[in-house]
Amino acid sequence: MDYQFRDIEKRWQKFWAMNHTFRVDNNSEKPKYYVLDMFPYPSGAGLHVGHPLGYIASDIFSRYKRLKGFNVLHPMGYDSFGLPAEQYAIQTGQHPAITTETNINRYREQLDNLGFSYDWSREVRTSDPGYYKWTQWIFMLLFNSWYNLESNKAESIEELIKKFENSGSQGIKAVSDEDAEIFSAEQWKLKSDIDKQTELLKYRLTYLRESTVNWCPALGTVLANDEVKDGYSERGGYPVEQKKMMQWSMRITAYADRLLQGLDNIDWPDPLKEMQRNWIGKSVGALVRFGLNSGAFIEVFTTRVDTLYGTTFLVLAPEHELVEGLTTPDHIEEIQNYIDQTKKKTELDRMADTKTVSGAFTGSYAKHPISGAPVPIWIADYVLAGYGTGAVMAVPSGDQRDWLFATKFGLPIVAISDAQLDLDMQADPTKDGLYINSGIINGLNYKQATAVMIAKLEELGAGKAKVNYRLRDAIFGRQRYWGEPVPVYFKDGLPQLIAMEDLPLVLPEVDKYLPTESGEPPLGRAENWKYKGDLEYELSTMPGWAGSSWYWYRYMASQDDRNQDSFAPANAIAYWKDVDLYIGGSEHATGHLLYSRFWNKFLKDLGYVVEEEPFKKLINQGMIQGRSNFVYRIIDQDGRGTNKFVSHGLKSQYTTSALHVDVNIVFNEVLDLEKFKVFRSEFADAEFILENDKYICGVEVEKMSKSKFNVVSPDDIIERYGADTLRMYEMFLGPLEQSKPWNTNGIEGVFKFLRKFWKLSHDDEFNFKVSDDEPSKAEYKALHKIIRKVEEDIERFSFNTSVSSFMICINELTDLKCNKRKIIQDLVIVLSSYAPHISEELWTLLGNAPGTLSVAPYPVFNPEYLVENEFSYPVSVNGKTRMNLNISLSLSQAEVEAIILSNTDLEKYLEGKTPKKIIFVKGKIINIVI
RNA sequence: GCUCGGAUGGUGGAACUGGUAGACACGCAGGACUUAAAAUCCUGUGACCCUUAAAGGUCGUGCGGGUUCGAUUCCCGCUCCGAGUACCA
């Protein structure tokens, strides 16, 4: 039989499932290796060819590690809470659980078709009550914890209460809300229970507070910053407004410094680490107070306290609370106008408008903290209320924005360093040179000046050193149905945790998935849903990132462990520890990957897990973009669309509008006209203007999405070429990290390769036939080259080059007509991580027990087979290659030089000159310098 | 603007620590087999020049410089493309 991929692949997929081939044990003598994929949200569109890119890579790696003798944990699951299923529920009334179940089954079928070696017995679904019980449990731990800055870790809230009872809040170093009170032990004891709870909430790592949130009226929900694009919701594109609301928050800022430091010890791509660093946004500087006549002060944050003497004005954000009081009567109109103007500007306007300099003078002055000189106070929208203190000290000689502002409004620009140049043209932020015009720091350098300045400010009580972060606490509530219920009820207006034994708090049934008439979240619709019969539950649910912030630990629990009373057994965590390799997209850089690190550190502090960082090594796979096809509808004189379509090359002669057309009815940009007529019923009697009797479609590279009709499903490709071909082709496309548009051109080459491989061990009538003769030296050489190459390539995640090398190897062996058992047997093992189905089939045909391939030992590379006696040296003159000479590798430089110089063919290149020098690199090159 | 990537034949890409640029594959062209087509197999394929041919030469990794015996690789300056981020004091 010829290479019957469909039959082979189906058969082995069934075999693996029935024999639990990839089930992994938590007890093993072997070293552990944990390979994780970012689990998908099971969307209704199913998998497209872009999804498996990372999964294929991780599967190859997992299979390879098994061959190398590791006990490999390679699980898969579903991030199954989320907005799309809820939106579908709102439209159709179908319960999101049903939609989700259907989608998961479809995903599973598609994943199985690809022959992945997942241990499916460990599957997780975030929407499963048995799973979210533990998401709720972690929430409760966070609620019962505070961050002790002395031990630099999270501790039980009971410890904090003890401290309060013993010595009050004075001297406690903790991360807390800014309005945390200072009280003595006696005062604490006198507080009512409600007051005590209110105070403790300011320390808990998950806490309730009023915060401004992105409220989307159309979706009836709060959105995360990263779900809002330019003032509109990312999904659906509805307007989003700012609204104050009581929200659950996570005190991730307590971990800002550890999140930053941890980046130094993990093997992640540099761009991704850089994104997290920027997101956390640590800046070291100082808070400086500028006194006001009223006795109050304006506090600013600066990273350049050394430039204090260059401050010629202050700028407040228009929203700053002091603006109203500072505005003098003659400036009220101007300031009010400016504030109104700012309010009108949408975020979009503000973004587009970074070049215009605008602002208004309040009429008031503050006092310079050291010199006492009057400093005018302005407002401007380039100062953001949400960062630092919402006020800056403007140093036009050192900061370009301040310089532009000063230049526009005629404010003074004072040089503060002897190294500053050309202040007429632009600001000069240099730290070089010695200070001038700067009172107490004149003549000092940058480092000295900063220290002197901070000491002076502290002495005067006018400032102090301060570290500032851009990172905000993460909002943890969503006004949605399809998410984890927050395990909290309210008593006397205060949040209380439900009892541990009442977990999981199961998502109740509702009649509709919309907010209630009074604007409460959908859970407000649930009937008789009260704690202990009469206490109100929290009605918001957790955000999408809750379930994904700890899921890799749940995989450590085998199916038998799942009923035990822990999120994962301690001995399993002690064994698997952390994820050795994590593969996923870089779009999760500042979301999932940051929150997961946060929760991991928290769980570590409490002793539940053993590693500080959850993901030791991370690889970002590139995004596979779609290739959209377009047809061009002719627009008539009235501007209406006709039912006539013109081919791409002729469209300039007409007024047209471009329409996406299903890429599956277009072949090499030629539209299948009959299929187009049934593509949509309105096109049933479409007419066409053709070029060369063909309708040519337009092309564009875009994100793959259902609405653009450019989704290519792996199913069709597997149907035509098989899973092994698809797996190898996706790897062959290029480096894993690189983004690229999907293109099937070239898949034939991979398919032909697998057929050639099959034919190696089959005769012309396709009967399996191998020889037991001893392989030749050339055959061993081909084999050992690939053994080494694949090992090297996989270790550095260069999967595309392995595929090329496999092709070279099979081409060589085909030329040698090699069908030696000894060669093919090892080759099958080496290829099995890439093309597991064909490999299993041949492995069995070779007489091995079915299913044993996955744990066969990876062949040992023997360098002896690759030893060469001679090398064909490129001989170059002044760097230009002129000829190749076969020379023994055992010769010394002097002997080689003698051979070279006696070579008569070389004379014409030497132009009669004597070589000045001969460069000889053994096994590489000979270069003659004349 | 800032940060991080990237630019190599008609196309996807290879060249791992500076050592024969274009591996491998697609596409294309020619040929074999076939009544024919498909499939398969063989040959050629960076550009230009020279030559009847064999052979040979020049240029060539976005652009301009530099270091080096030797640069796709290292350094400096620039152009363009992509991603992320948005006035962060």
ask   = Under a 3.5 Å cutoff on both atom distances, Watson-Crick or G-U, what's the dot-bracket for RNA chain B ([ ] crossing, | other strand)?
value = (((((((..(((......[....)))((((((.......))))))((((......))))..(((((..]....))))))))))))....
Are the aromatic ring centres of [X] and [Y] under 6.0 angstrom apart?
{"X": "A:Trp758", "Y": "A:Phe766", "answer": "no"}
{"X": "A:Tyr721", "Y": "A:Phe5", "answer": "no"}
{"X": "A:Phe409", "Y": "A:Phe361", "answer": "no"}
{"X": "A:Tyr729", "Y": "A:Trp742", "answer": "yes"}

Please work out if [X] contacts a base, only the sugar-phosphate, or nothing of the nucleic acid, heavy-atom cut-off 4.0 Å.
{"X": "A:Pro735", "answer": "sugar-phosphate"}
{"X": "A:Leu733", "answer": "sugar-phosphate"}
{"X": "A:Gln738", "answer": "sugar-phosphate"}
{"X": "A:Lys789", "answer": "base"}
{"X": "A:Asn800", "answer": "sugar-phosphate"}
{"X": "A:Val392", "answer": "base"}
{"X": "A:Lys916", "answer": "nothing"}
{"X": "A:Pro874", "answer": "base"}
{"X": "A:Asp399", "answer": "nothing"}
{"X": "A:Ser798", "answer": "nothing"}
{"X": "A:Phe753", "answer": "nothing"}
{"X": "A:Asp402", "answer": "nothing"}

Return the nearest nucleotide to the side chain of [X]; candidates are [options].
{"X": "A:Lys917", "options": "B:rA89, B:rC24, B:rC69", "answer": "B:rC69"}
{"X": "A:Thr302", "options": "B:rA89, B:rU3, B:rC24", "answer": "B:rA89"}
{"X": "A:Glu792", "options": "B:rC16, B:rC88, B:rC87", "answer": "B:rC16"}
{"X": "A:Arg755", "options": "B:rC26, B:rA89, B:rA39", "answer": "B:rA39"}
{"X": "A:Asn811", "options": "B:rA25, B:rU20, B:rG19", "answer": "B:rA25"}
{"X": "A:Lys924", "options": "B:rG19, B:rU85, B:rC26", "answer": "B:rG19"}
{"X": "A:Asp381", "options": "B:rC87, B:rA14, B:rC69", "answer": "B:rC87"}
{"X": "A:Phe301", "options": "B:rA39, B:rA89, B:rA25", "answer": "B:rA89"}
{"X": "A:Met807", "options": "B:rA25, B:rC4, B:rU20", "answer": "B:rA25"}

query = Can A:Thr801 and A:Asp793 be counted as having a side-chain donor-acceptor contact under 3.5 angstrom?
reply = yes
Let me know the distance between [atom1] of [X] and [atom2] of [N], rounded to the nearest Å.
{"X": "A:Arg401", "N": "B:rC88", "atom1": "CZ", "atom2": "C1'", "answer": "7 Å"}
{"X": "A:Leu471", "N": "B:rC88", "atom1": "CG", "atom2": "C1'", "answer": "13 Å"}
{"X": "A:Arg720", "N": "B:rA38", "atom1": "CZ", "atom2": "C1'", "answer": "13 Å"}
{"X": "A:Lys785", "N": "B:rC24", "atom1": "NZ", "atom2": "C1'", "answer": "13 Å"}
{"X": "A:Tyr729", "N": "B:rG13", "atom1": "OH", "atom2": "P", "answer": "10 Å"}

Below 4.0 Å: OP1/OP2 of [N] and any side-chain N or O of [X]:
{"X": "A:Lys752", "N": "B:rC26", "result": "yes"}
{"X": "A:Arg277", "N": "B:rC4", "result": "no"}
{"X": "A:Asn278", "N": "B:rA86", "result": "no"}
{"X": "A:Asn927", "N": "B:rG19", "result": "no"}

Listed once per pair and sorted, the salt bridge (charged side-chain N to carboxylate O under 4.0 Å, His left out) pairs that draw on residues 919-928 of chain A, sequence neighbours left out = none
task = Report yes or no: is the cationic atom of A:Arg289 (NZ for Lys, CZ for Arg) closer than 6.0 Å to the six-membered ring centre of A:Phe297, at no more than 45° off its axis?
result =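 The answer is yes, since A:Arg289 meets both limits relative to A:Phe297.
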query = When syn is taken as a glycosidic angle within 90 degrees of 0, is B:rG64 syn or anti?
reply = anti
query = Does A:Glu274 have any side-chain contact (heavy atoms from CB on, under 4.5 Å) partners at least two apart in sequence or in another chain, and if so, which?
reply = A:Arg277, A:Asn278
A:Leu783 and A:Lys781, any side-chain heavy atoms less than 4.5 Å apart =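 No - every pair of side-chain heavy atoms lies 4.5 Å or more apart.
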